Amino acid sequence: MSIPSFGVGTFRLTGQAAVDSVRNALDLDYRAVDTAQIYGNEADVGQAIEASGVKRDALFVTTKIWTANYAADKLVPSLRESLDKLRTDYVDLTLIHWPAPDNGVSLPEFMAALAEAKARGLTRQIGVSNFNIALTQQAIDVVGQGEIATNQIELSPYLQNRKLTAFLKEQGVAVTSYMTLAYGKVLKDPVLARIAARHNATVAQVTLAWALQLGYAVIPSSTKRENLASNLLARDLKLDADDMAAIAALERNGREVSPDGLAPAWD
């Protein structure tokens with residue numbers, strides 16, 4: 001995988017909450033941080049990274065371009081602004097946040113602009129987020145095979161996206177799972193609770209371990225240091241075939257996020 005398998009997310013965190021979450025995560029040995037222009041917290045993330053004392057080349061920083069900045073004359077300048085906020089000369093990964101089919105900028109235009117950002121050294125890798133199969137293929141067609149590092153998609157035991165993830169695997173595109181805990185809904189699941197009890201683990205650890213064992217990267221977030229520390233332990237949890245089969249049976253197309261005008265026609 002060309003991207004770290006475990007990172008900290010910052011969605012819905014701003015101000016001191018974002019600073020504290022990232023600072024705690026880095027102190028606990030997280031080395032990947034995920035943010036986005038629309039989160040309004042890039043400056044907070046940058047502050048936390050700078051204060052952490054962790055060397056820049058030891059970190060993997062991801063941001064996402066917002067729809068207002070997709071045009072060819074806006075994408076690179078907007079990424080430069082993001083770099084200023086993040087207090088860095090480059091990010092490790094830059095994603096197109098949503099396909100936004102109705103925003104007036106074509107996919108070839110914004111993917112070419114994203115490739116240009118990479119060519120200028122502003123980002124080490126490029127990718128997409130919330131793209132379906134057809135749009136991912138179009139993105140690959142624009143920038144070339146092997147250029148799309150990841151598709152960051154909503155994935156949880158309740159939304160397993162098997163058709164899309166199979167396609168991404170075929171194409172050599174890493175899967176990054178967001179909302180892996182389904183806004184906390186899976187934490188009350190009795191099947192997951194039984195698996196967790198057998199392993200002397202938390203339901204969150206089981207869920208994250210499930211995603212990791214499927215080969216996905218995860219980016220859980222928390223404002224609580226103890227939860228950040230607990231989540232990391234998922235890396236050492238090994239689920240057996242029966243566990244994985246039981247979780248596979250939880251699929252219910254339980255999508256939590258699908259904003260009008262931004263989302264594609266889901267596979």
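This structure is a prediction, so every number in the text was calculated from the model and none was measured.
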For Asn231 and Tyr30, does a side-chain donor sit closer than 3.5 Å to a side-chain acceptor? no

Applying ring pair (Phe, Tyr, Trp, His ring centres under 6.0 Å), name anything that partners Phe131, two or more places apart in sequence or on another chain. none

Between Ile65 and Gln37, is there a side-chain heavy-atom distance shorter than 4.5 Å? yes

Decide side-chain contact (heavy atoms from CB on, under 4.5 Å) for Leu159 and Asn253; before the verdict, give the C-alpha distance in whole Å, the side-chain angles of both, and the deciding distance to 0.1 Å. CA-CA 5 Å; Leu159 180 72; Asn253 196 32; 3.4 Å; yes

Between Ser129 and Leu95, is there a donor-acceptor pair closer than 3.5 Å when you use the side chain of the first and the backbone of the second? no

Taking salt bridge (charged side-chain N to carboxylate O under 4.0 Å, His left out) as the definition, give me every residue that meets it alongside Arg87, ordered by chain and number, with sequence neighbours left out. Glu50

Taking all non-hydrogen atoms of both residues into account, name the closest pair between Ala149 and Ile3 and its distance. CB-CG2, 4.5 Å

Give a yes or no on whether the backbone of Ala117 and the side-chain of Arg120 come within a donor-acceptor separation of less than 3.5 Å. no

Donor-acceptor pair, Gln213 side chain versus Trp210 backbone, under 3.5 Å? no

Is there a chain of hydrophobic side chains (I, L, V, M, F, W, Y, each step under 4.5 Å between heavy atoms) that links Leu28 to Val19? no

Any side-chain heavy-atom pair of Asp243 and Asp240 under 4.5 Å: yes

Residue set satisfying side chain to side chain contact (heavy atoms under 4.5 Å, CB included) with Arg31, at least two apart, ordered chain then number -> Leu26, Asp29, Val54, Leu59

Using the rule side-chain contact (heavy atoms from CB on, under 4.5 Å), only one of Val61, Ile49, Leu83, Val45 pairs with Thr88; which is it? Leu83

Taking C-beta and beyond as the side chain, do Pro220 and Phe6 meet within less than 4.5 Å on heavy atoms? yes

Name the one of Gln137, Gln145, Gln138 that satisfies side-chain hydrogen bond (donor to acceptor under 3.5 Å, both in side chains) with Asp141? Gln137

Tell me if a side-chain donor or acceptor on Asp267 pairs with a main-chain N or O of Ile133 at a distance below 3.5 Å. yes

For Arg80, give me all partners under salt bridge (charged side-chain N to carboxylate O under 4.0 Å, His left out), at least two apart in sequence or on another chain. none

When rounded to the nearest 0.5 angstrom, what is the spacing between CD1 in Ile38 and OG1 in Thr67? 7.0 Å

Residues forming a side chain to side chain contact (heavy atoms under 4.5 Å, CB included) with Pro190, sequence neighbours excluded: Arg194

Could you check Val143 against Ile126 for side-chain contact (heavy atoms from CB on, under 4.5 Å), going step by step and ending with a plain yes or no? CA-CA 10 Å; Val143 301; Ile126 59 174; 4.3 Å; yes

Does Leu233 offer a backbone N or O that forms a donor-acceptor pair with the side chain of Gln205 under 3.5 Å? no

Side-chain H-bond candidate by donor/acceptor type, Thr176 with Thr150, under 3.5 Å: yes

Is it true that a side-chain atom of Ser21 and a backbone atom of Ala18 form a donor plus acceptor pair closer than 3.5 Å? no

Name all residues meeting the side chain to side chain donor-acceptor pair (under 3.5 Å) criterion together with Thr202; count only those two or more places apart in sequence or in a different chain, and write none if there are none. none

Using modelled atom types only, decide if a donor and an acceptor are shared between the side chain of Arg56 and the backbone of Tyr90 within a distance under 3.5 Å. yes

Test log, rule side chain to side chain donor-acceptor pair (under 3.5 Å), inputs Gln171 and Thr136: CA-CA 10 Å; Gln171 298 298 317; Thr136 304; over 6 Å; no

Would you check if there is a donor-acceptor pair between the side chains of Thr63 and Glu42 at a distance under 3.5 Å? yes

Tell me whether Val128 shares a hydrophobic cluster with Leu168, the cluster being built from Ile, Leu, Val, Met, Phe, Trp, Tyr side chains joined at under 4.5 Å. yes

Could you state the interatomic distance from CD1 (Ile153) to CG (Asn130), rounded to the nearest 0.5 Å? 8.5 Å

Look up atom OH in Tyr158 and atom OG1 in Thr207, then write down how far apart they are to the nearest 0.5 Å. 8.5 Å

Residues that Lys118 engages under salt bridge (charged side-chain N to carboxylate O under 4.0 Å, His left out), provided they are two or more places apart: Glu147

Quick check: does any side chain N or O of Ser177 sit under 3.5 Å from a backbone N or O of Leu155, one acting as donor and the other as acceptor? yes

Here the pair of heavy atoms bringing Pro157 nearest to Ile247 is CB-CG2, 3.9 Å

Give the C-alpha distance, both sets of side-chain angles, the deciding distance and a yes or no for side-chain contact (heavy atoms from CB on, under 4.5 Å) between Gln160 and Leu214. CA-CA 10 Å; Gln160 298 187 25; Leu214 288 173; 5.6 Å; no

Could you point out which residue of Ile195, Asp189, Val186, Val191 forms a side-chain contact (heavy atoms from CB on, under 4.5 Å) with Val206? Ile195

Short side-chain donor-acceptor distance under 3.5 Å, Asn41 and Thr10: yes

For a 4.5 angstrom cut-off between non-hydrogen side-chain atoms, does Glu116 reach Leu75? no

My understanding is that only residues two or more places apart in sequence, or in another chain, count here; which of them pass side chain to side chain contact (heavy atoms under 4.5 Å, CB included) with Lys169? none

I want to check something: taking the side chain as every heavy atom from C-beta on, are Ser82 and Val91 in contact at a cut-off of under 4.5 Å? no

Contacts of type ring pair (Phe, Tyr, Trp, His ring centres under 6.0 Å), residue Tyr39, not counting sequence neighbours: Phe11, His97

Set of side chain to side chain contact (heavy atoms under 4.5 Å, CB included) partners for Glu226, sequence neighbours left out: Lys224

Treating Asn132 as the side-chain partner and Pro264 as the backbone partner, does any N or O pair qualify as donor plus acceptor under 3.5 Å? no

Distance-only, no hydrogens or angles: does the Asn24 side chain make a donor-acceptor pair with backbone N or O of Asp20 under 3.5 Å? yes

Approximate separation, where rounding is to 0.5 Å, of Lys85 NZ and Asp44 CG: 10.0 Å

All heavy atoms of Ala113 vs all of Val76, minimum pair found to be O-CG2, 4.1 Å

Might you work through the side-chain contact (heavy atoms from CB on, under 4.5 Å) test for Lys163 and Asn161, ending with a clear yes or no? CA-CA 6 Å; Lys163 187 176 179 182; Asn161 252 320; over 6 Å; no

Salt bridge (charged side-chain N to carboxylate O under 4.0 Å, His left out) filter on Asp34, not counting sequence neighbours, yields Lys64

Using the side chain to side chain donor-acceptor pair (under 3.5 Å) criterion, which residues pair with Glu154? Sequence neighbours excluded. none

What's the separation between atom CH2 in Trp266 and atom CG in Leu164, rounded to the nearest 0.5 Å? 8.5 Å

Atom CD1 of Ile219 and atom CE of Met179: how far apart are they, to the nearest 0.5 Å? 9.5 Å

Minimum heavy-atom separation for Arg162 to Ala248, with atom names? NH2-O, 2.6 Å

